[in-house]
Structure formats: C-alpha cells, structure tokens
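In what follows, chains carry the letters A, B, and so on, assigned in the order in which the sequence lines appear, proteins first and then strands, with residues in each chain numbered from 1.
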There are 2 protein chains.
Amino acid sequence: MKVLIVEDDQFHASYLEDALVEAVPEVTQIFHAMNGEEGEKEARTAQIEAIVMDLQMEKRNGIEAARTIWAERPQTRILFWSNYADEAYLRGIASTVPEDSAYGYLLKTASRDRLKLALRAVLLEEQIVVDREVRRLQKRASSPRNALDDSEYEVLLDLAIGLQDKLIAERRGMSLRTVQNRLLSLYDKLGVEGDADTTLPLNKRVRALNRALVTRTINIESLESAQRDFERWLARRH
Amino acid sequence: MKVLIVEDDQFHASYLEDALVEAVPEVTQIFHAMNGEEGEKEARTAQIEAIVMDLQMEKRNGIEAARTIWAERPQTRILFWSNYADEAYLRGIASTVPEDSAYGYLLKTASRDRLKLALRAVLLEEQIVVDREVRRLQKRASSPRNALDDSEYEVLLDLAIGLQDKLIAERRGMSLRTVQNRLLSLYDKLGVEGDADTTLPLNKRVRALNRALVTRTINIESLESAQRDFERWLARRH
DNA sequence: AGATCATTTGCGGGTTCCCGCAAGAGGACT
DNA sequence: AGTCCTCTTGCGGGAACCCGCAAATGATCT
C-alpha cells in the first residue's frame, strides 16, 4: 500500500513515518509532501489512496487539499493530524467530506498508541475516527447554547473580513435588518457583553471578532480563506 | 552547566535535547518544563542560568515567563526557539529583555547546525543571536513605511479588545480626537483601504484588526494578554 | 525671541451601527 | 380555517464612528 504524508514540520513527519511503519506493515511505499499543493499533485500522480495530513500548512491548508483530492478520488482515506481542535477546522472538514469517505481527525497530543490505532482504522479499515478532544468540541458546538448555525457562521466570516451590513446583505441575499438580527444573535452567543461584570461600552463588532478568535470559533486561516472566497464572489457579481 | 528546556511539544523537546548535548558538552544536567509557569518554578528552585524556551505555550507563554525569570536573575541566558516570527512576539521580547542580558531568538525552521551554533553562542558565550528571518521582520517593522510606533500599537491593542474611542482616550490619557488620529494612521499603515482595487465600503475598525492579524502584527495570544492588562487597569482605576 | 514644522484638540456633519417596535410571512398543529 | 410560533422586514432614533478644517500647543533651530 502506498501512503502519502503531508506535513511541513520535519520532526513531526519523521515521527509519523515511524509510527506508520510500525502500525501498518502493509505499507510498501511512503511519499512526502510539505504542503497542501504538493500533496494534491503527489496524490494525483502517484494514485495515492491513503493519506495522513496536517491541517495547518503554509501554501494550502489540509482542508482545501482534501477537497480537491476527494473531488478526484472520493474513496481516498485521509487521516487529519493536527495541533488544534479549532471549530473552524471542524466546520471545514464537516463541509467537505463526501458521503462515504473514510477519514479521521486526531490531535498531535494523542499518544503514540492512539495514533497507531487511528492509522490502522482509517487507512486500512476505512473507518471513521474522531479524537476524544475533538469530539468534545463538536458536541459543544452543536449544543443549543453557543451553537452558531450555518447562516450565522457565514455572517460572522463576513463581519470578520470587515464587510459592512449592507454588503453582507447583498452577498447573502438577505435584508439589511436580517443581517443585523444575525449580528445580534452572534453578539449574544459569542458573549460580547462582558459576561458578569459591569457592562462597559464596547465596540460590539470588533468584540465579536475578538471573542470568535479567542474561543477558537474561527482562526486566522479562516480569515484568509474567507477573504479569498469573498474576492471570488466579488469578481463574479455583475 | 545546568540547562532548562521549556517546551510543550514532546518531539521538539527531544530533538532539542539531542542538539543540546551535541553542541554543548559542558552540559551536566537538563531540566524540563512543559509551560511557562513550570519553567519559572524550575528555574527558581534549580538556580538555572541557561534556558531554551518555546514562545507559544498553554499556561503562560515564553515572554511572560522570561519577564519574571529575568526579574529574579537578570544574568540568565535565554534562547527563544519559536515557530513564528510574529511582530507581537518581537515587541514582547524587546520590551522585556534587561540591559545586558544574553538572549537569542531562533526559528524552529532553522537548520540543526544553526541551532547548535546559537545554543553555544547564547548559553555559553552570552552573546545575542537573532535569526535571519526574525531580523528581516524587525527591519521591516522599524522601517518608516509600516512602522507602528508604541502609542499606535497601544491603541491597536485597545481597539482589538473592543474598546470604544472614549474609553481608549481615558485609559491612555489622550483626547478623543487624538485617539481617532491614531486610528487614522493605523488604518493607513495596516492597509485597511483595499490596496489597489475598487474601494468598496468596509468597516474600518474590524478591518484593522483583521489586517493586523493577517500580517502577524498581533496574534491571538496578544489579544488575550491585552485583555488581562486591560482588566488590571480597570480594577485599579477609581 | 522668532520662525518653522509636527502634534493635539475641538467642532461639526455625514455615515454606519445598534436595536426596540410592530407589521408581515411562512410553517405546523388542531 | 384558525391559532400559535418563529423568522423576516421596514421604520426610526440615539449613539458611535470617520474625518475635514482650523485653531492651539509644543518642540526645534537659528
């Protein structure tokens, strides 16, 4: 079996390779890539069907790479191996994984044994494996209290790249007032009002972005990709 | 010589330990800590005088730890070994390093040889070593074009945690209009206006925070520590 | 002191934002 | 159909923000 490792940190890459050959002796060949772009190419030319990939990389992150790889060969098994359990990544993955593809999401803090187990389960058995920590976050994100639904999340991203209400309304096809309603519920769910103490006057817009970042609802990468999305939309609009 | 390694990633820690014993055979004992808080304690109880430390850590980051360590024993040599070359970190270090302490700032992407060289230079020879990449950023930050002076940087942090103009004015002891002048120059230097293309209407405040994050002028950690600073100030004000 | 240049500050007005209120609009259930 | 509920939308007003203009203040140099 051919396996592709996409990881920009050399230490982590070699650790991963060690664990891989231990856990999955069926492996015959191991390919390496330093970022998502290389990873896509490698996967295409070498006809790879099993991948272990970091999420956070320079040129093109793991989620974007996964999207194109799955678009070409949906049966590819991908184990994401990441430092963070940000909600932004979770949403990214949830929105790209095809119906019946095998994938896994493991944190780098996981023990070697858990890693080896996940490697076998995903790459070989085509199961779905999600790390405990990550699962916990998924839960919290889908609990009614602080859950952002998709339309709120969209507006959050638009806010985060600095759009004003009117533009958001146009882009998302809602009325101005509806956008503002979304913002109100965002302010509420993100805890923009100083939770307990004296409510001193804040700039809610900026505060919302601040809270979203600090609570790891979004991360800087999602700012960058939201910006790209927006520019694409802008070019398309007449 | 006793050396303390403060690093929360196990792979990196062991790689570092290897390089350390190779580069500095004078080392007799190596201590480990997983975060800044532990690092401070360890340094105190073991009377450590040479430290290699990551910057980004859970409990207490490297800069804060360095501050207290240097406050206790300014002659301590510290080599910062970090993933990022964020301006936020640079400012942090520049503002904490005592007059004649030896320190270094190296990126984790540096080669093993550069790491070994820096280890000897800083821990043993008490020189000051700053990575090429980092130096480049330092340069750019102090070039007239995009340089934020300290007072602009302060206002940026206040903006970033969501304060409104009036509060910033009070906190920093300037008039309302002066705060707004600072904001204007921030908008300018951060490139809030869509650099070249059609200037479409943006929320400048949010956009400024966005740009500051994307250009690595500040990072999420600095948001968190700015928030703590603000709360301390808030408690003190009558 | 006097001249020059940068920074600070107040004023005023045009926008954008925040949000209460109340009138639609679209289900879902009886 | 009728009732109940939730979500959307328009209106309107007060607050915050952006920023041009010009006077006041300060620092530096001759």
Side-chain angles (χ1 to χ4, degrees), chain A residues 142-195 198-212 230, chain B residues 142-195 198-212 230:
Chain A
S142 65
S143 84
R145 191 80 201 98
N146 299 332
L148 302 192
D149 62 37
D150 291 334
S151 108
E152 282 164 349
Y153 191 74
E154 281 178 350
V155 171
L156 172 58
L157 289 180
D158 285 346
L159 176 152
I161 59 177
L163 305 191
Q164 335 191 145
D165 298 358
K166 218 170 98 195
L167 236 191
I168 302 179
E170 182 189 344
R171 180 177 187 194
R172 303 299 180 185
M174 352 178 177
S175 80
L176 224 182
R177 194 56 178 72
T178 301
V179 170
Q180 293 171 334
N181 281 341
R182 291 285 126 76
L183 289 175
L184 287 189
S185 58
L186 275 177
Y187 297 158
D188 181 33
K189 290 181 179 172
L190 291 171
V192 163
E193 301 289 346
D195 308 271
T198 47
T199 21
L200 32 80
L202 293 176
N203 181 306
K204 310 215 166 174
R205 236 148 211 272
V206 171
R207 188 67 183 165
L209 176 51
N210 180 310
R211 296 293 304 154
F230 171 67
Chain B
S142 66
S143 83
R145 192 77 201 102
N146 300 332
L148 302 192
D149 62 38
D150 291 334
S151 108
E152 283 164 347
Y153 191 75
E154 282 178 350
V155 172
L156 172 58
L157 290 180
D158 285 347
L159 175 151
I161 58 178
L163 306 191
Q164 0 189 121
D165 297 359
K166 219 169 98 195
L167 235 192
I168 302 179
E170 182 189 344
R171 179 178 188 194
R172 303 300 181 185
M174 351 178 179
S175 78
L176 223 182
R177 195 55 176 69
T178 302
V179 171
Q180 294 172 333
N181 281 341
R182 290 286 127 75
L183 289 176
L184 286 189
S185 58
L186 275 177
Y187 297 159
D188 182 32
K189 290 180 179 171
L190 291 171
V192 164
E193 301 289 346
D195 307 271
T198 47
T199 21
L200 33 82
L202 293 175
N203 181 307
K204 310 217 166 175
R205 239 153 209 270
V206 172
R207 188 66 183 167
L209 175 51
N210 180 310
R211 296 293 304 154
F230 170 68

Task: Glu152(A) vs Val155(A) side-chain heavy atoms within contact, under 4.5 Å - done: no
Open item on the list: Is the phosphate of dT8(D) approached by Arg182(A) (side-chain N or O, under 4.0 Å from OP1 or OP2)?
Closed with: yes
Open item on the list: As a test of reading the structure: which of dT9(C), dC19(D), dC18(C) is closest to the side chain of Tyr187(B), going by heavy atoms?
Closed with: dC19(D)
- [ ] Taking only the side-chain heavy atoms of Gln180(A) (C-beta and beyond), determine which of dC19(C), dT9(D), dC19(D) contains the nearest atom.
- [x] dC19(C)
Open item on the list: Side-chain N or O of Asn203(A) versus OP1/OP2 of dC17(D): is the shortest distance under 4.0 Å?
Closed with: yes
- [ ] Compute whether any side-chain donor of one residue and acceptor of the other, for Ser151(A) and Arg172(A), lie under 3.5 angstrom apart.
- [x] no
- [ ] Starting from C1' on dC18(C), measure out to CD1 on Ile168(A) and report it in whole angstrom.
- [x] 14 Å
Open item on the list: Counting the atoms with a prime plus P, OP1 and OP2 as sugar-phosphate, which does Leu176(A) contact under 4.0 Å by heavy atoms, base, sugar-phosphate, or nothing?
Closed with: nothing
Task: Atom pair distance, as rounded to whole Å: CG in Asp188(B) and C1' in dC18(D) - done: 14 Å
- [ ] Let me know the distance between CG of Leu202(A) and P of dC17(C), rounded to the nearest Å.
- [x] 17 Å
Open item on the list: As a test of reading the structure: which of dC18(D), dC11(C), dT8(C) is closest to the side chain of Arg177(B), going by heavy atoms?
Closed with: dC11(C)
Task: Donor-acceptor under 3.5 Å (Arg211(A) side chain, Leu190(A) main chain) - done: yes
Open item on the list: Quick one about Asn181(B) and Arg177(B) (side-chain donor to acceptor, distance below 3.5 Å, no hydrogens or angles considered), yes or no?
Closed with: yes
Open item on the list: Strictly below 4.0 Å: does Lys166(A) bring a side-chain N or O up to OP1 or OP2 of dT15(C)?
Closed with: no
Open item on the list: Using a 4.0 Å heavy-atom cut-off, does Gln164(A) contact any base of the nucleic acid, only the sugar-phosphate backbone, or nothing at all?
Closed with: sugar-phosphate
- [ ] Nearest whole angstrom, please: distance from the P of dA22(C) to the CG of Asn181(A).
- [x] 16 Å
TODO: Tell me whether the OP1 or OP2 atom of dT8(D) has a side-chain N or O from Thr178(A) closer than 4.0 Å.
DONE: no
Task: Rounded distance in Å - CG (Leu184(A)) to C1' (dT9(D)) - done: 14 Å
